[in-house]
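Have a look at the structure below before the remarks.
Here is the naming used below: chain letters follow the sequence lines, and residue numbers restart at 1 for every chain. Excluded from the calculations below are hydrogen atoms, water molecules and symmetry mates; all remaining heavy atoms, backbone and side chain alike, are included. On a predicted model such as this, the values are computed, not experimentally measured, just so you know.
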Amino acid sequence: MAKAYDVQGIERKWQRRWLENGDYEVDRDDPRPHCYVLCMYPYPSGPAHQGHVRNYTFGDLMVRYRTMKGYAVLSPIGFDSFGLPAENAAIATGVHPRVFTEQRIDELRESLVSLGAVYDWRREVRSHDPAYMRWNQVIFKRLFDAGLAYRGTASVNWCPGCKTVLANEQVLSDGTCERSGDQVAKRSLEQWFFRITAYAEELLADLEALEWPERVKVMQKNWIGRSVGAEVDLPVEGRPGIAIRVFTTRPDTLFGMTYAVLAPEHPMVKELTAPECRSEVEALVERSRKLSEIERTSSGGGLAKRGAFTGSRVVNPVTGKPVPLYIADYVLMSYGTGAIMAVPAEDERDWEFAQLHGLPIVRTVEVPESFDGGAWTGDGLKINSEWLDGLSIQEAIERAIAWLEGHEVGRRAVKYRLRDWLVSRQRYWGCPIPVVYCESCGIVTVPDEQLPVLAPDDVQLLPTGESPLASHDGFVNTTCPKCSQRARRETDTMDTFVDSSWYFLRFCDPWSDNKPFDMDAVKQWMPVDQYIGGIEHAILHLMYARFFTKALADVGFVPEGMREPFSRLFTQGMIRLGGTKMSKSKGNLVAPSAYFDTVGADALRLYHLFVGPPAEDVDWSEQTGELIEGCSRFLDRVWRLALSDDGGSPAESSRAANLSDRAGLQQDPVSTAPQRSATEQLRRAVHRAVAKVSEDFDRWSYNTAVAACMELANAIPRWRRAGASIEVVDEAIDTLILLLAPMTPHLAAEVWERRHGQGAAVHREKWPVFDPQLLVEDRVTMVVQVNGKVRDRVEVDASTSEEEAVRYALGSPKVQDALGHAAPTRVVARPPNLVNLVIARD
RNA sequence: GCCCGGAUGGCGUAAUUGGUAAACGCGGUGGACUCAAAAUCCAUUGCUCGAAAGGGCGUGCGGGUUCGAGUCCCGCUCCGGGCACCA
């Protein structure tokens, strides 16, 4: 397809110029108001894919738009350069992960530049850069000193084939290892954790004030999973001083507790198991240990609700009666207290379990007459509960808690689903945890001046699944920084989510070499005004980054009071590659570079902006190629409209005819009435477009902003043909270019320079303003309905009164026909838009 | 199972406070330019009845509120996403 202009030449020219001019490099002392726009930094996987294009186009639009609005916009970029793919590639090909990664970074950076996205490249951050790793490790140490990083035992995913711990994402839904295919088991191992649960309440409460998509907030809320209830201590019968602590959200149901259950991993299991029950209990403990959590929890139904009687009994504190104590794999050690009081009448799992084991069921809530099911979890009045009878559930909960506290056998309690963040990874390509194990001193952190701890290059990356660092003697064997005795280095590296939990802070001051970042710089730029990224990070990354911001404030790196990193979040939709019928040859897998080389980056950007609402998913389909062509055609039309004398309409006129047209206008400065009208109409169209595009930019409605620009581009030749003045036509074209500048920056820059001469730069221009008065139409089309159906349209004055409107409406012959020339029984007048005449039909 | 989100022409979609459904684009059809094609431009394009004028129908389905519903309420269906023995 022949382009109207040299797309590649122009795009390269401006990409180079933006870099050289440093237009988007901002410093702290910039007098303009500050603004921080950030796209989630990418994992460098090679040349950009369409998801990147979408993300960075949205971000770039915002950066350029805010800049034109007069802000000093901080627009940094970097690379999330630690991670598994590089290590796996290294295992497969023998190329060192650093070499592999840096090649991928170069390719991705090249793509971003080709897209026309502008950044303050001086601030580029890479997670694997020793200068970044050093501060990562310093932060780890500060968290450790503050008690926010600790070593603990965790039940983790263990792959017997790979002999390593797996992240949850590496375990397939059938409970097997994604790499070896082995059945993954649970194993108790010593691992490093961050105490994110210490912030559970704050992470939940602070969500409220964030301008984030509601669904992301809901996901985080559910993830944190706050539940309010009570802890109850159940004394073990015949074992003075020993009690099982359980957590319940329904202390009102205490009278219905007919048994209690321990998680198989509960520390008291051994002690409370009677000899005659031992073999059955141990078999169950063994069985549940072998199963992955996924297997243990996903099968559902009665089979999985297997339990075993321990032989012990616990005493129900409100009735004083003993009830049997079981273990069952549906009770999880990692939630609550790892033990529950079971109330089969009001809990579905307990009901099922009780049925299976022949345990008694006592209803404590009145069930509706029509209900003939099992457990009743709905509302109702308390029954069979002595001093709670007749109360509502809510009242009874309060009363029960008061009773428990009064008798010192329980207390109000809040539990969270959120677990502490396991950060240990048995991997090479990550940031080493800066810790040494000394036989006499125990856990010792590496002194700051010895940081960063770097992994050696000469490791054997073999597909054993074991941490390559563990078998590197030179790395493992070290001396204790405290006592200088022989010591062993920690060989685990940090989860890469650690790197991405504070990079946005480093961006404020990536030059600091005596601290992670300067606090004043953070104060000036943070929080991020607009964060943009994929919905897939709704929980993990965004939760971790929030936690880090709070924790870093508490350990003194981040200004006090800065508790949230991202004030406003936008999550873009994903690109879907349709159903199975998609074929590789149909172009759905075509890399962005294929478009850069043909229609150009601007056309591809425009497509991503135009195809639909930014927040919604996009199907990359057979039609996509044609839509991109359409965007490319529109840009050609703009080019001709702005730069050729005939306005891109060969059929309309020759060059000569056009010139005489202009000459005619100049000879007659006092325009004739229709000409003035066309001029006026065009001017209004321009102001409407400015208003619409500005508003749409602010409300993330880029697809309609593009439509508004297309409308303006269509209007210009029409009104020019109708005789609009040359000045207003020129102004209209210039305005169109300004509006397009954030969306299709290369074309806008080139056209602007050609129209305004060397040195003119559209992106340094002010964003156009509109005159609200010009948005108000003086003549509007009024709809006349009869019984709610449109029967006629009348053009009226915008100031038309109700009486006039009704008179016009009744004056229409079509309306009279529809009325059957009878008088309406009811008239609803909403001038100047609508009149509805209602006539009773019999 | 629970919690979110969605469903509008042949297709992507628009309709911001209940007030002209389909803006903008893709595709289609007809035409202009051309020796011809491409490119470009113009016109047309929800479905349906009708020669036309004009009429009827139309926002996943069934009800409701209203002078008036894509928009609000109740009850469903289907699709997408999140969580999923969390006590």
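We find that CG of A/D619 is positioned 16 Å from P of B/C79, with the value rounded to whole Å. Going from atom CG of A/D696 over to atom P of B/A15 covers 8 Å, rounded to whole Å. Counting to the nearest Å, the P atom of B/C85 and the OH atom of A/Y326 are 23 Å from each other. Rounded to whole Å, the distance from CD on A/E352 to P on B/G1 is 15 Å. One can place CG of A/L609 at 16 Å from C1' of B/A14, the figure rounded to the nearest angstrom. Protein atom OH of A/Y330 is 13 Å distant from nucleotide atom P of B/C85, rounded to whole Å. One can place CG of A/L834 at 13 Å from C1' of B/A69, the figure rounded to the nearest angstrom.
Side-chain N or O atoms of A/E346 include one that pairs as donor or acceptor with a backbone N or O of A/T364 at under 3.5 Å. Looking at A/Q220, its side chain never comes within 3.5 Å of a backbone N or O of A/L204 through a donor-acceptor pair. Judged by distance alone, the side chain of A/K415 and the main-chain N or O of A/E231 form no donor-acceptor pair under 3.5 Å.
For B/A14, one of the phosphate oxygens OP1 or OP2 lies less than 4.0 angstrom from a side-chain nitrogen or oxygen of A/N703. When the side-chain nitrogen and oxygen atoms of A/R633 are compared with OP1 and OP2 of B/C24, none of them lie within a distance under 4.0 Å. Dashed line: the shortest gap from a side-chain N or O of A/S227 to OP1 or OP2 of B/A87 is under 4.0 Å. Distances shown here put every side-chain N or O of A/R793 at or beyond 4.0 Å from the OP1 or OP2 atom of B/U20. Between A/N714 and the phosphate of B/G25, there is a side-chain N or O to OP1/OP2 separation shorter than 4.0 Å. Taking only side-chain nitrogens and oxygens, A/K789 comes nearer than 4.0 Å to OP1 or OP2 of B/C57.
Here A/G225 lies out of heavy-atom contact (under 4.0 Å) with every strand. The residue A/Q785 sits close to a base: some heavy atom pair falls under 4.0 Å. Note on A/E626: only backbone sugar-phosphate atoms sit closer than 4.0 angstrom, heavy atoms only; bases stay farther off. Contact annotation for A/E695: base contact, defined as any heavy-atom pair under 4.0 Å involving a base atom. Using a 4.0 Å heavy-atom distance criterion, A/R215 is classed as a sugar-phosphate-only contact. When heavy atoms are screened at a 4.0 angstrom cut-off, A/K692 is found touching base atoms of the nucleic acid.
Along RNA chain B, the nucleotide closest to A/Y335 and the one closest to A/I535 are compared, and the more 5′ of them pairs with A/I535. Judged by closest nucleotide on RNA chain B, A/R830 is the one of A/Y416 and A/R830 placed further toward the 5' end.
Residue A/R215 qualifies as open at atom CZ: its count of foreign heavy atoms under 6.0 Å is 12 or below.
B/G10 and B/G1 have their C1' atoms separated by 39 Å, given to the nearest Å. Only the C1' atoms considered, B/G9 is 10 Å distant from B/U59, to the nearest whole Å. Nucleotides B/G56 and B/G50 are separated by 11 Å at their C1' atoms, to the nearest Å. On the C1' atoms, B/A38 is 15 Å away from B/A32, given to the nearest whole Å. Distance check on atom P: B/G64 versus B/G5 gives 26 Å, rounded to whole Å.
For A/W223 and A/Y544, the gap between ring centers reaches or exceeds 6.0 Å. The ring of A/F353 has its center closer than 6.0 angstrom to the ring center of A/Y259.
Side-chain to base pairing of A/E711 with B/C24: no donor and acceptor N or O lie closer than 3.5 Å to each other.
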